Amino acid sequence: MVEAKPAVEREQWSGQLGFLLAAIGSAIGLGNIWRFPGVAYENGGGAFLIPYLVALLTAGIPILLLDYALGHRYRGSAPAVFRRLGRRFEALGWFQVAIAFIIATYYAVVLVWALRYVGFSLTEAWGDDPGTFFAEEFLQYAGPTVTADVVGGIFWTLLGLWVVTLWVMARGVRKGIERVNKLMLPLLIVLFAILVVRALFLPGAMDGLNAFFTPNWAALADPGVWIAAYSQIFFSLSIAFGIMLTYASYLRRRSNLVPVSYVAAFANSSFEILAGIGVFATLGFMAAQQGIEIGEIEGLTGVSLSFVTFPQIISLMPGGPIFGVLFFLSLTFAGFTSLVSILEVITAAFQEKFNLTRLQAVLCIGGLCALISLGLYSTTSSLAMLDTADNYANNVGIVASAITMCLVVAYGVRKLPELQAHLNAISTARVGTWWRVLLGVVVPIALIVMLVTTLTDLVTHPYEDYPWAFVNGVGWGVIGGAVVAAFVFAAIRWRQPVDEFIPDRLDGNAAKPPSTGGVR
């Protein structure tokens, strides 16, 4: 038997406010600004808010509470928490870590694009054809292939971003992550509020809002609209791949988790609706200037909305450069707080598994993540690789992780009653039997439908009509690599006594751990 080293002391947030801001900062990311408005418009407009709210209440908040309860009760990274549920479940925690690692490598480059476009906005460097500028001049896009041709303007900015990010991570939970969120989240809200107010006074803004909010009630009969609502809620809350679980593990033992989860969830959704108002007011202006209908505008979501459609609008708008700077700074702040939360999943896991200091984990694992990011996403093939990896990591990896997590907790170890009791013991608001029913029945069924629909589409049609070889190599390579990594790291011996942990008694008092023993 190999004796494990004494565990490195676990960090904590300065208080509940620090945790709440970090949780909101993680949830409010790029997808809130560039994904929600287009998804809502394409799925019933104002009527979409009904399935969106249903999805929030029946899936988003229940899974968020599950993440909080697991992290807080078992006080560890994702691999440690799932091992404490049962040794055979540790691989699920490492699968979440692997997915977070994959997302971090490409998420960073989108922040680099936003940073570069802050400067481009000042001179409207994209000229008369933002689409050609973005793809051919800025990205030097080579199509769906794998190249080693580095784009210098992206490489050096990405390198600088990773240096800053790893420095923040090395400073720790309280002095790094918490302080960044306390600074950037208020700035983000102020900047975006200015953008929305400016957009509302543009000619044609009301036409844009009418397009966004006018309900298409017939859309509610389309199962695809409900799937889109669950998908949006699921991905926008940063749930089921280790972030909120890890963040909750840094809370003090007496923490008011249930009300905090409600605040975080509704703050995230409120920002999404605010983003929808701002984006569609601006799109209304664009349509009015060009004499077309909102529905005739291309690029209403994702990369196209931010880096092609919005530059067009900036060029048409009085004071456009200022609007552009504010918009791309908002994207940067929203993305950076999410990036550090994703990296914390990885850092915490390796710290605990190998009993590393935070600095060691950040330099070794965070450094490796940075190297892969630089090697893959500063090249001329970055756009197609990012697009494919993102689709498979989110729509297959995270959804599969959430389904497995719910089934393991509900039926594999039957811990839902215990976790419900834990939440109720430490919170001023209580969760009832409804929570267990949702997690044990409603959420798995909804997510299985989402996953089956996604897999059917991916198997029958190449994603974005990319070549099958590219899609299979990058997309399924991401999922296969995450599965292999999960089982490999789960098989490695722990360097600290993870199995000695005993959860607090449900009366709030800490149980005494065993006095001796190592990890077998």
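None of the values given here were measured: they were computed from a predicted structure.
Here CG of Asn216 is found 10.5 Å from OH of Tyr41. Values are rounded to the nearest 0.5 Å. A distance of 10.5 Å separates OG1 in Thr388 from OH in Tyr106, rounded to the nearest 0.5 Å. Here OH of Tyr377 is found 9.0 Å from OG of Ser382. Values are rounded to the nearest 0.5 Å. Here the CG atom belonging to Asn181 is positioned 7.0 Å from the CG atom belonging to Leu21, to the nearest 0.5 angstrom. How far CZ of Phe213 is from CG of Leu49: 6.5 Å, rounded to the nearest 0.5 Å. Going from atom CZ of Arg198 over to atom CG of Leu326 covers 11.0 Å, rounded to the nearest 0.5 Å.
The two residues Pro144 and Ala384 come nearest to each other via the heavy atoms CA-CB, 3.6 Å. The minimum heavy-atom distance between Val81 and Gly71, with the atom names listed, is CG2-CA, 4.4 Å. Nearest heavy-atom pair across Leu188 and Ser330 is CD1-O, 3.4 Å. Heavy atoms only, all atoms of each residue included: Ala265 and Leu237 are closest at CA-CD2, 3.9 Å. For the pair Val325 and Val118, the tightest heavy-atom approach, listed with the atom from each and the gap, is CG2-O, 3.7 Å. A pairwise comparison of heavy atoms in Asn32 and Ala275 identifies O-CB, 3.4 Å as the closest pair.
Phe120 pairs in a ring pair (Phe, Tyr, Trp, His ring centres under 6.0 Å) with only one of the listed residues (Phe134, Trp113, Trp126, Phe133), which is Phe133. Evaluated for a side-chain contact (heavy atoms from CB on, under 4.5 Å) with Ile227, the options Asn43, Thr453, Asp222 yield exactly one hit, Thr453. Of the options Phe82, Phe89, Phe350, Phe101, a ring pair (Phe, Tyr, Trp, His ring centres under 6.0 Å) to Trp94 is made by Phe350 and by none of the others.
By the 4.5 Å heavy-atom criterion applied to side chains, Ile28 and Thr337 are not counted as neighbours. The shortest side-chain heavy-atom distance between Tyr247 and Val173 does not fall under the 4.5 Å cut-off. Side-chain atoms of Met317 and Thr282, non-hydrogen and from C-beta on, do get closer than 4.5 Å to each other. The closest side-chain heavy-atom distance from Phe234 to Leu447 is below 4.5 Å. Using a 4.5 Å heavy-atom threshold, the side chains of Phe336 and Thr165 count as touching. At a threshold of 4.5 Å between non-hydrogen side-chain atoms, the residues Val151 and Ser378 do not count as touching. Side-chain contact check for Val399 versus Tyr230: every heavy-atom pair is 4.5 Å or farther apart. Counting heavy atoms from C-beta outward, Phe280 and Asn210 have side chains that stay 4.5 Å or more apart.
In the model, Asn391 has no side-chain atom that pairs as donor or acceptor with a side-chain atom of Asp387 under 3.5 Å. A donor atom on one side chain and an acceptor atom on the other are found under 3.5 Å apart for Glu272 and Gln232. For the residue pair Glu352/Ser77, the side-chain donor-acceptor check at 3.5 Å is satisfied. Between Ser338 and Ser26, the side chains place no donor N or O within less than 3.5 Å of an acceptor N or O (distance only, hydrogens not considered). For Tyr52 and Ser269, the side-chain atoms include at least one donor-acceptor pair closer than 3.5 Å.
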Open item on the list: Run the side-chain contact (heavy atoms from CB on, under 4.5 Å) test on Tyr463 and Leu458 for me, step by step, so that the C-alpha distance in whole Å, both residues' side-chain angles and the decisive distance to 0.1 Å come before the verdict.
Closed with: CA-CA 6 Å; Tyr463 177 66; Leu458 291 176; 4.3 Å; yes
Open item on the list: Test side-chain contact (heavy atoms from CB on, under 4.5 Å) on Leu200 and Val196; report intermediate values, then the result.
Closed with: CA-CA 6 Å; Leu200 290 174; Val196 172; 4.1 Å; yes
Open item on the list: Pair Tyr392, Ile102 - check side-chain contact (heavy atoms from CB on, under 4.5 Å), show working.
Closed with: CA-CA 10 Å; Tyr392 279 75; Ile102 291 162; over 6 Å; no
Task: Audit row: Glu42, Phe48, side-chain contact (heavy atoms from CB on, under 4.5 Å) steps and yes/no - done: CA-CA 9 Å; Glu42 293 169 357; Phe48 181 75; over 6 Å; no
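A donor-acceptor distance shorter than 3.5 angstrom exists from the side chain of Arg358 to the backbone of Met169, with no hydrogens or angles considered. With hydrogens and angles ignored, the 3.5 Å screen pairs a side-chain donor or acceptor of Ser381 with a backbone N or O of Thr147. Ser249 contributes a side-chain N or O that, together with a main-chain N or O of Thr246, makes up a donor-acceptor pair within less than 3.5 Å. The backbone N or O of Ala240 lies less than 3.5 Å from a partner atom in the side chain of Ser401, making a donor-acceptor pair. At distances below 3.5 Å, not a single donor-acceptor pair connects side-chain atoms of Lys353 with backbone N or O atoms of Ala348. Using modelled atom types, no side-chain atom of Asp390 and backbone atom of Leu386 make a donor-acceptor pair closer than 3.5 Å. Formation of a donor-acceptor pair under 3.5 Å by the Glu296 side chain with backbone atoms of Glu293 is found in this model.
By the neighbour-count criterion of 12 heavy atoms within 6.0 Å, atom CH2 of Trp476 is densely surrounded, having more than that number from other residues, nucleotides or ligands.
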Name every donor-acceptor pair, under 3.5 Å, that has one atom in a side chain of residues 364-375 and the other anywhere in the protein, sequence neighbours excluded.
{"from": "Ser373", "atom 1": "OG", "to": "Thr105", "atom 2": "O", "distance (Å)": "2.7"}
{"from": "Ser373", "atom 1": "OG", "to": "Trp162", "atom 2": "NE1", "distance (Å)": "3.1"}

Only pairs under 3.5 Å count here: list side-chain donor-acceptor contacts from residues 297-314, not counting sequence neighbours, and write none if there are none.
{"from": "Thr309", "atom 1": "OG1", "to": "Glu298", "atom 2": "O", "distance (Å)": "3.2"}
{"from": "Thr309", "atom 1": "OG1", "to": "Gly299", "atom 2": "O", "distance (Å)": "2.8"}
{"from": "Thr309", "atom 1": "OG1", "to": "Ser304", "atom 2": "O", "distance (Å)": "3.4"}

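A salt bridge does not link Glu178 to Arg171: none of the charged side-chain nitrogens sits closer than 4.0 Å to a carboxylate oxygen.
The aromatic rings of Tyr117 and Phe328 sit tilted, their planes meeting at an angle between 30° and 60°.
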